[in-house]
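One structure below.
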Amino acid sequence: MSLPDIVKDSLKEHAPKIEEIIISTLSTSKQEKLQSAMLYLIKSGGKRLRATLPYLVGDLLGKTTHSHYEVGAAIEIIHNFTLIHDDIMDDDSVRRGRPAVHVAFDIPTAINAGDAMLATAFELISSSNDIEVRKMPTLVKIIGEMVRRVSEGQQLDIDNENRRNITIDDYLYMIEGKTAVMFEACAKIGGILSDASEKDIELLGKWGLNLGLCFQIVDDLIDVVSDSNTSGKPIGSDLIQGKMTCMTIHAINKKDVDLTNLEAVLGAGGDIDRKLIEMAISDLNQSGSIEFCRDLAKKYHKIAKDCLENFKINEGFEVLSKLTDYHINRIN
């Protein structure tokens with residue numbers, strides 16, 4: 001399922017302007033190999049959805065400036081820095097259809113590039129001529145907390161790989177860090193740059209956080225309820241890799257369900273018979289885990305939609321409303 005036209009049109013309008021800032025910022029390094037490694041993943045593509053969110057929030061509030069682009073670019077640089085380091089930690093060799101940065105270059109260079117990207121993102125914000133000085137401490141605090149929470153989420157993900165006693169609450173705290181806090185930060189920052197009230201900034205943050213939670217749960221669901229054309233990977237890939245997704249965690253915490261097929265597939269790696277994968281997914285259905293996670297995604301979608309209802313209806317509202325609906329509609 002593709003993004004709604006109104007969202008695609010907004011991304012088409014704003015993403016190139018953000019892209020220009022990103023490229024210019026990362027090109028300031030005079031060390032050729034380091035600069036190439038920093039730009040490598042950026043040039044691999046991406047929707048730039050997170051990067052555009054601050055500006056889209058500004059549109060909702062009726063006040064946008066160049067600073068929305070600059071902070072969006074900084075957050076996109078940080079997002080890509082986390083992906084570079086995640087690929088190293090997860091031993092993933094491919095990202096966006098190309099060799100991961102640590103494969104295309106080497107592990108030390110990839111680590112160094114990620115570190116430099118984080119520093120460069122803060123350089124971009126601190127050198128802006130469009131961000132009011134009085135707002136700088138708040139912006140730095142929000143982004144700093146975001147980076148810390150993303151790191152905490154990644155550490156939990158690493159620690160959970162070999163655990164079988166994970167609860168849904170553990171999972172939600174983990175995806176809040178890995179995914180949702182970045183949406184939350186983008187939304188709050190968009191409000192701050194548009195001089196929104198404290199109440200509206202909190203509402204926007206709540207919208208972003210719940211949108212991010214919905215987004216990640218739906219991503220988990222797509223692995224077992226959609227075809228490979230939708231997910232971009234074979235059905236059941238997360239199961240084969242042993243990822244502790246929403247459905248798997250819910251299922252293994254059920255004491256009265258036979259999960260023989262799921263246990264046979266979970267973390268098995270390599271070539272697994274498609275029939276066995278289908279039977280493992282049937283176990284998830286029988287345990288009620290798929291339905292549980294659908295309901296959970298719908299819960300966070302509703303909270304996000306309710307937050308938006310507090311803002312006036314304009315074109316900016318329509319874009320964010322359609323974007324919010326898009327994520328839950330990927331599994332409908």
Side-chain angles (χ1 to χ4, degrees), residues 1-3 7-8 11-12 14-53 72-121 124 147 150-151 153-154 157-158 161 178-179 182-183 215-216 218-220 222-223 226-243 245 269-271 330:
M1 180 183 179
S2 63
L3 284 165
V7 178
K8 285 194 287 189
L11 293 178
K12 187 176 180 180
H14 302 300
K17 298 171 185 176
I18 295 167
E19 193 86 1
E20 185 178 337
I21 297 170
I22 293 171
I23 300 296
S24 173
T25 301
L26 294 182
S27 297
T28 55
S29 173
K30 304 306 179 187
Q31 213 293 322
E32 186 176 344
K33 186 176 181 181
L34 180 62
Q35 182 190 119
S36 296
M38 291 165 70
L39 288 167
Y40 179 86
L41 190 54
I42 295 290
K43 290 183 175 179
S44 297
K47 297 185 184 74
R48 306 294 182 244
L49 177 59
R50 291 169 183 82
T52 311
L53 273 183
I75 289 176
E76 185 67 16
I77 290 169
I78 290 170
H79 173 56
N80 281 268
F81 132 67
T82 66
L83 296 181
I84 292 172
H85 283 193
D86 284 2
D87 285 344
I88 296 169
M89 289 181 270
D90 297 341
D91 198 24
D92 287 336
S93 60
V94 177
R95 170 71 66 174
R96 295 174 182 161
R98 300 174 72 194
V101 176
H102 68 280
V103 175
F105 294 85
D106 51 64
I107 290 176
T109 298
I111 294 171
N112 197 32
D115 293 345
M117 289 168 79
L118 177 60
T120 302
L124 169 59
V147 175
V150 169
S151 297
Q154 173 66 2
D157 198 21
I158 294 167
E161 282 182 6
K178 282 207 71 173
T179 303
M182 201 166 283
F183 285 88
F215 170 87
Q216 187 57 58
V218 168
D219 255 19
D220 283 2
I222 284 173
D223 183 63
S226 299
D227 58 33
S228 58
N229 291 328
T230 301
S231 64
K233 57 186 180 180
I235 191 168
S237 292
D238 288 349
L239 297 177
I240 296 168
Q241 293 176 39
K243 291 185 178 179
T245 63
D271 294 326
R330 289 189 296 158

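Here, residue 1 is the first one in the sequence, and each next residue gets the next number. Hydrogens, waters and symmetry mates are skipped; everything else that's a heavy atom, side chains included, is used.
- Leu124 and Ala73 make their closest contact through CD2-CB, 3.9 Å (heavy atoms, listed as atom of the first residue, atom of the second, distance).
- Cation-pi contact between Arg98 and Tyr40: present, with separation from the ring centre below 6.0 Å and deviation from the ring axis of at most 45°.
- Under the 4.5 Å side-chain criterion, counting only non-hydrogen atoms from C-beta, His102 is in contact with Asp87.
- Minimum heavy-atom separation, Ile78 to Ala121: CG1-CB, 3.6 Å.
- Here the OG-CG distance, from Ser151 to Asp86, works out to 9.0 Å after rounding to the nearest 0.5 Å.
- Asn80 places a side-chain N or O within donor-acceptor distance of the main-chain N or O of Glu76, the cut-off being under 3.5 Å.
- Of the inter-residue distances, the one linking His79 atom NE2 with Thr179 atom OG1 reads 9.0 Å to the nearest 0.5 angstrom.
- Contact check for Arg48 versus Ile18: no side-chain heavy atoms found under the 4.5 Å cut-off.
- Between the CZ atom in Arg95 and the CG atom in Asp90 there is a gap of 8.5 Å [rounded to 0.5 Å].
- Between Asp106 and Lys33, at least one side-chain N (NZ, or NE/NH1/NH2) sits under 4.0 Å from a carboxylate O, which counts as a salt bridge.
- Across Ser29 and Leu34, no two heavy atoms sit closer than the pair OG-CD2, 3.9 Å.
- For the pair Asp115 and His85, the minimum side-chain heavy-atom distance is below 4.5 Å.
- Counting only distance, with no hydrogens or angles, the side chain of Ser24 and the backbone of Glu20 share no donor-acceptor pair below 3.5 Å.
- Between Ile42 and Ile23 there is a side-chain heavy-atom pair separated by less than 4.5 Å.
- The structure places CG of Leu39 at 10.5 Å from OG of Ser44, a figure rounded to the nearest 0.5 Å.
- Looking at Met117 and Ile22, their side chains never come closer than 4.5 Å, going by heavy atoms from C-beta outward.
- Of the inter-residue distances, the one linking Leu41 atom CG with Ile77 atom CD1 reads 12.0 Å to the nearest 0.5 angstrom.
- Using a 4.0 Å cut-off between charged nitrogen and carboxylate oxygen, Arg330 and Asp219 count as a salt-bridge pair.
- Within 6.0 Å of NZ in Lys8 there are more than 12 heavy atoms belonging to other residues, nucleotides or ligands.
- Although no hydrogens or angles enter the test, the distance criterion places no donor-acceptor pair under 3.5 Å between the side chain of Asp238 and the main chain of Asp223.
- Although no hydrogens or angles enter the test, the distance criterion places no donor-acceptor pair under 3.5 Å between the side chain of Arg50 and the main chain of Ile75.
- To the nearest 0.5 angstrom, Ile84 atom CD1 is 8.5 Å from Met38 atom CE.
- Looking at heavy atoms from C-beta onward, Lys178 lies out of side-chain contact with Thr82 at the 4.5 angstrom threshold.
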